[in-house]
Amino acid sequence: DQLCMFDFSDCQRVPPGGNCTIRCGSDYAGKSTVAYCPSDNTDPNGQLVYLEPKCSLKPCEMRPPPGYVETPCGWECDSGYIGDVNWYCAAVGREPGRCRSELIISGCTLTVQCAPLMVNDTCRSNASQCTALQPGQGCNITCAEPYTGGQGEN
């Protein structure tokens, strides 16, 4: 947005026939331009005449939150996280011309262990191996003594 992109600080009180310099904001790169107040200006609300500088946002600092890792091919979810990464650099700040370029990244979610298996009939089934399973892990449910039979996998 223009609040961050341009630095109008030199252009606060320009007299008729005067000029000032419009620069790119602190985290933008580009060439400055000159604005001027027409010498015949009689309107106290008259605007300066200028062309906006061509400014582009500088690369942002890459400080991702936990769950993201930068690879030669771009951003990916770190080990223990899943999802599709979306990211961009954005100008953040409220002081005109003094914003910073910040990494905005989202899409990765932490994988968590499953809740303990709830067995309805603990007299017939033994699910003691099925506690604290990590994502992708399985366990064996066996028959409790004195019952016999096949085993199922969960």
Side-chain angles (χ1 to χ4, degrees), residues 1-120 122 125 127-141 152-154:
D1 71 47
Q2 288 192 346
L3 175 74
C4 292
M5 189 179 295
F6 304 122
D7 179 354
F8 292 102
S9 60
D10 287 351
C11 300
Q12 298 309 308
R13 296 177 188 246
V14 181
N19 62 44
C20 63
T21 303
I22 302 172
R23 294 177 180 78
C24 293
S26 60
D27 251 23
Y28 285 81
K31 293 186 177 187
S32 58
T33 60
V34 175
Y36 69 93
C37 179
S39 57
D40 60 351
N41 182 54
T42 58
D43 181 359
N45 295 317
Q47 299 292 309
L48 295 172
V49 177
Y50 66 95
L51 292 175
E52 291 180 348
K54 300 234 184 290
C55 303
S56 57
L57 189 62
K58 293 177 184 175
C60 57
E61 289 186 36
M62 300 297 187
R63 284 193 248 166
Y68 300 87
V69 62
E70 189 174 16
T71 71
C73 297
W75 289 98
E76 294 179 0
C77 294
D78 204 353
S79 178
Y81 291 78
I82 60 168
D84 296 316
V85 179
N86 297 302
W87 72 276
Y88 61 94
C89 290
V92 177
R94 298 202 187 289
E95 188 179 338
R98 305 276 182 251
C99 299
R100 68 184 188 288
S101 180
E102 187 173 287
L103 174 66
I104 308 296
I105 191 166
S106 64
C108 294
T109 304
L110 178 65
T111 57
V112 295
Q113 72 182 30
C114 298
L117 179 65
M118 302 303 282
V119 176
N120 293 335
T122 56
S125 301
S128 61
Q129 295 180 350
C130 299
T131 59
L133 294 177
Q134 296 300 314
Q137 289 183 323
C139 66
N140 290 322
I141 300 172
E153 187 172 306
N154 249 353

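Checked against Y28 for a side chain to side chain contact (heavy atoms under 4.5 Å, CB included), the options P53, S56, C4 give a single hit: C4.
Checked by atom type and distance alone, the side chain of T33 pairs as donor or acceptor with a backbone atom of L51 at under 3.5 Å. Panel note: side chain D7, backbone R23; no donor-acceptor pair is recorded below 3.5 Å. Between the side chain of Y68 and the backbone N or O of G107 there is at least one donor-acceptor pair closer than 3.5 Å.
For the pair W75 and C108, the minimum side-chain heavy-atom distance is 4.5 Å or more. Using a 4.5 Å cut-off on side-chain heavy atoms (C-beta onward), F6 and Y50 make no contact.
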Stepwise side chain to side chain contact (heavy atoms under 4.5 Å, CB included) test for C11 and I22: CA-CA 7 Å; C11 300; I22 302 172; 3.9 Å; yes
Audit row: C37, L48, side chain to side chain contact (heavy atoms under 4.5 Å, CB included) steps and yes/no: CA-CA 5 Å; C37 179; L48 295 172; 3.8 Å; yes
Side chain to side chain contact (heavy atoms under 4.5 Å, CB included) between I82 and C77, intermediate numbers included: CA-CA 6 Å; I82 60 168; C77 294; 5.7 Å; no
Candidate pair C99 and D27, rule side chain to side chain contact (heavy atoms under 4.5 Å, CB included), full reasoning: CA-CA 6 Å; C99 299; D27 251 23; 5.7 Å; no
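Counting non-hydrogen atoms of neighbouring residues, nucleotides and ligands closer than 6.0 angstrom, the CD atom of Q12 exceeds 12 such neighbours. Within 6.0 Å of CG on D84 lie no more than 12 heavy atoms contributed by other residues, nucleotides or ligands. Other residues, nucleotides and ligands contribute only 12 or fewer heavy atoms inside 6.0 Å of the OH atom of Y36.
Considering every non-hydrogen atom in both D78 and V69, the closest pair reads CA-CG1, 4.1 Å. For S26 against K58, the heavy-atom pair with the smallest separation is O-NZ, 3.3 Å. Across every non-hydrogen atom of C89 and L57, the tightest pair is O-CD2, 3.7 Å. When all heavy atoms of A90 and I104 are compared, the closest pair comes out as CB-CG1, 3.9 Å.
Separating the OH atom in Y88 from the OG atom in S101 is a distance of 11.5 Å, to the nearest 0.5 Å. Annotation: the span from K54 atom NZ to C24 atom SG amounts to 10.5 Å, rounded to 0.5 Å.
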